[in-house]
K.L.:
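Supplied in structure tokens, the structure appears directly below.
Computation of the quantities below employed the complete heavy-atom set of this structure, encompassing side-chain atoms and omitting hydrogens, waters and symmetry-equivalent molecules.
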Amino acid sequence: MVLSGEWMAKPLQKKFDTCPMLARSDWGVSHIQSKGLTHSLSRIQSAVGFHGPRIAGWLVFLNGCHRGEDMRLPIGDSKVGSSWMNDCVLTGVGVGSQHATISMGSGEGHICPSSADRVVKINNTVISGRQMLEDGCLVTIGEVHAIFRISDQKSRGFEPSAAPRPAQMPSQVMPIETVCGWLVIANGVCLGQDFRIVTGNFRIGSELKLEMTLPEAHLPKHALTLAVTTKDCKIGWIAPGVHVAVNGAPSGVDIVLKDSDYIKFDHVEGYLKWFRS
């Protein structure tokens, strides 16, 4: 898919397209400029080339057609529902056209149903008005379940309180490629942008075909690879000449990365947010 205008990054290969809704004529460049691709649901790469708003948190879905996917939440209000006019478009049983509004601030989040007949639950309890979201809580929109995560960097190895298991959720196979965390960039042209970390060999560099492509002119085409499973994330390979540091200490391969670890490779810096479903 190709858009014209100064807000368009270089086109990605089809596998890495992050937003099928851009094919709609009424999603124009001006909307991308103001909102970014916050409604995007994808198992691969964030739409960093569109310079969307800085990340504030995510919902990671546990069931339905979005199982294993994440919904990006910027600071401010994001309307959630099945209509394509929402900021976050969600398909699932019981999801209304405009179902709820999620409001994100610095280190905090709230959710409010759009009307009394829109079912929203937090930790299996139905809410009737605006309620705070705690890091790691279970959010149910209609019959779609998700875990809420805040993007703020915490102390190393942080794990939120275990969320209760969704009520009456049928068993469902997890997709081969599933979100296991995010790398939030802390400097440069991608400051505040997040990249989804998915299972498998997760390659990072400046080349477009990689799982994580950074538009950094001085970054090697393939700088390093993370070996990612649903249980842990390791540094699997480092290109010759690329210096990697974790929490300020030089790092080699086979180092297990924890939530909120600060990572520097070449001149790029960021921190890891880890998610386990």
K.L.:
Phe148 and side-chain contact (heavy atoms from CB on, under 4.5 Å): which partner among Leu133, Leu138, Ile122?
P.N.:
Leu133
K.L.:
Quick one: closest heavy-atom pair of Asp152 and Ser106, and the distance?
P.N.:
OD2-C, 4.2 Å
K.L.:
Would you check if the side chain of Arg149 reaches a backbone N or O of Gly57 as a donor-acceptor pair within less than 3.5 Å?
P.N.:
no
K.L.:
Ignoring hydrogens, what is the shortest heavy-atom contact between Pro164 and Asn123? Give both atom names and the distance.
P.N.:
CD-OD1, 3.3 Å
K.L.:
If I take atom CZ from residue Arg203 and atom NZ from residue Lys221, how far apart are they, to the nearest 0.5 angstrom?
P.N.:
13.5 Å
K.L.:
Is there a continuous path of hydrophobic side-chain contacts, each under 4.5 Å between heavy atoms, that joins Val253 to Leu226?
P.N.:
yes
K.L.:
Between CZ of Phe195 and SG of Cys190, what distance do you get to the nearest 0.5 Å?
P.N.:
5.0 Å
K.L.:
Could you go through Val144 and Phe61, starting from their C-alpha distance and side-chain angles, then the distance that decides it, and tell me whether this counts as side-chain contact (heavy atoms from CB on, under 4.5 Å)?
P.N.:
CA-CA 7 Å; Val144 178; Phe61 295 99; 3.5 Å; yes
K.L.:
Is it the case that the side chain of Asp70 and the backbone of Val60 share a donor-acceptor pair, with hydrogens and angles ignored and the cut-off at 3.5 Å?
P.N.:
no
K.L.:
So does Thr91 get a backbone contact from the side chain of His66, meaning a donor-acceptor N/O pair under 3.5 Å?
P.N.:
yes
K.L.:
Indicate yes or no for a side-chain donor-acceptor contact from Asp135 to the backbone of Pro160 under 3.5 Å, with no hydrogens or angles considered.
P.N.:
no
K.L.:
Taking NZ in Lys154 as the centre, count heavy atoms belonging to other residues, nucleotides or ligands within less than 6.0 Å. Is the count above 12?
P.N.:
yes
K.L.:
Do any N or O atoms from the side chain of Thr229 and from the backbone of Asp232 form a donor-acceptor pair under 3.5 angstrom?
P.N.:
yes
K.L.:
Taking atom types as modelled, find out whether Thr140 and His145 have a side-chain donor-acceptor pair closer than 3.5 angstrom.
P.N.:
yes
K.L.:
Same hydrophobic cluster for Ile150 and Phe158, using side-chain heavy-atom links shorter than 4.5 Å among ILVMFWY?
P.N.:
no
K.L.:
Who are the side chain to side chain donor-acceptor pair (under 3.5 Å) partners of Asn63, not counting sequence neighbours?
P.N.:
none
K.L.:
When rounded to the nearest 0.5 angstrom, what is the spacing between CZ in Phe275 and CD1 in Ile147?
P.N.:
5.5 Å
K.L.:
If every non-hydrogen atom of Ala56 is compared with every non-hydrogen atom of Pro74, which pair is closest and at what distance?
P.N.:
CB-C, 3.8 Å
K.L.:
Between atom NZ of Lys258 and atom SG of Cys233, what is the distance when rounded to the nearest 0.5 Å?
P.N.:
10.5 Å
K.L.:
Give every residue pair that meets the side chain to side chain donor-acceptor pair (under 3.5 Å) criterion with at least one member in residues 240-257, sequence neighbours excluded.
P.N.:
Asn247-Asp261
K.L.:
Could you state whether Val242 and Leu272 fall into the same hydrophobic cluster, counting links through intermediate Ile, Leu, Val, Met, Phe, Trp or Tyr residues with side-chain heavy atoms under 4.5 angstrom apart?
P.N.:
yes
K.L.:
Is it true that Asp259 and Arg156 make a salt bridge, defined as a side-chain N closer than 4.0 Å to a carboxylate O?
P.N.:
no
K.L.:
Evaluate Arg130 against Ser103 for side-chain contact (heavy atoms from CB on, under 4.5 Å), listing each step before the verdict.
P.N.:
CA-CA 9 Å; Arg130 180 182 167 94; Ser103 303; 3.6 Å; yes
K.L.:
How far apart are the closest heavy atoms of Cys137 and Ala163, and which atoms are they?
P.N.:
C-CB, 4.1 Å
K.L.:
Distance from Met104 atom CE to Asp77 atom CG, nearest 0.5 Å?
P.N.:
11.0 Å
K.L.:
Roughly how far apart are Ser151 OG and Lys273 NZ, rounded to 0.5 Å?
P.N.:
7.5 Å
K.L.:
Quick one: do Leu183 and Met212 satisfy side-chain contact (heavy atoms from CB on, under 4.5 Å)? Show the steps, please.
P.N.:
CA-CA 10 Å; Leu183 185 58; Met212 177 174 167; 3.5 Å; yes
K.L.:
I'd like to check the side chain to side chain contact (heavy atoms under 4.5 Å, CB included) partners of Gln153; sequence neighbours left out, ordered by chain and number.
P.N.:
Ser260, Tyr262, Tyr271
K.L.:
Tell me the closest heavy-atom pair linking Leu219 and His267, and the distance in Å.
P.N.:
N-CE1, 4.2 Å
K.L.:
Any donor-acceptor pair under 3.5 Å linking the side chain of Ser82 with the backbone of Gly96?
P.N.:
yes
K.L.:
Report whether Val244 and Val268 are members of the same hydrophobic cluster (ILVMFWY, side-chain heavy atoms less than 4.5 Å apart, transitive linking).
P.N.:
yes
K.L.:
So Trp58 and Asp194, side-chain contact (heavy atoms from CB on, under 4.5 Å) or not? Walk me through it.
P.N.:
CA-CA 10 Å; Trp58 308 269; Asp194 61 309; 2.8 Å; yes
K.L.:
Decide yes or no for Ile235 and Val246: does some side-chain heavy atom of the first lie under 4.5 Å from some side-chain heavy atom of the second?
P.N.:
yes
K.L.:
Take atom CD of Glu134 as the centre, draw a 6.0 Å sphere, and report whether it contains more than 12 heavy atoms from other residues, nucleotides or ligands.
P.N.:
no
K.L.:
For the residue pair Gln193 and Arg72, establish whether any side-chain heavy-atom pair is separated by less than 4.5 Å.
P.N.:
yes
K.L.:
Give me the one residue out of Ile55, Leu214, Ile263 that meets side-chain contact (heavy atoms from CB on, under 4.5 Å) with Ile185.
P.N.:
Leu214
K.L.:
Any side-chain to backbone donor/acceptor pair from Thr213 onto Leu208? Under 3.5 Å, distance only.
P.N.:
yes
K.L.:
Same hydrophobic cluster for Ile127 and Val119, using side-chain heavy-atom links shorter than 4.5 Å among ILVMFWY?
P.N.:
no
K.L.:
Under a 4.5 Å cut-off applied to non-hydrogen side-chain atoms, are Cys88 and Ile102 in contact?
P.N.:
no
K.L.:
Grab the two heavy atoms, one from Gln98 and one from Arg118, that are nearest each other, plus how far apart they are.
P.N.:
O-NE, 3.5 Å
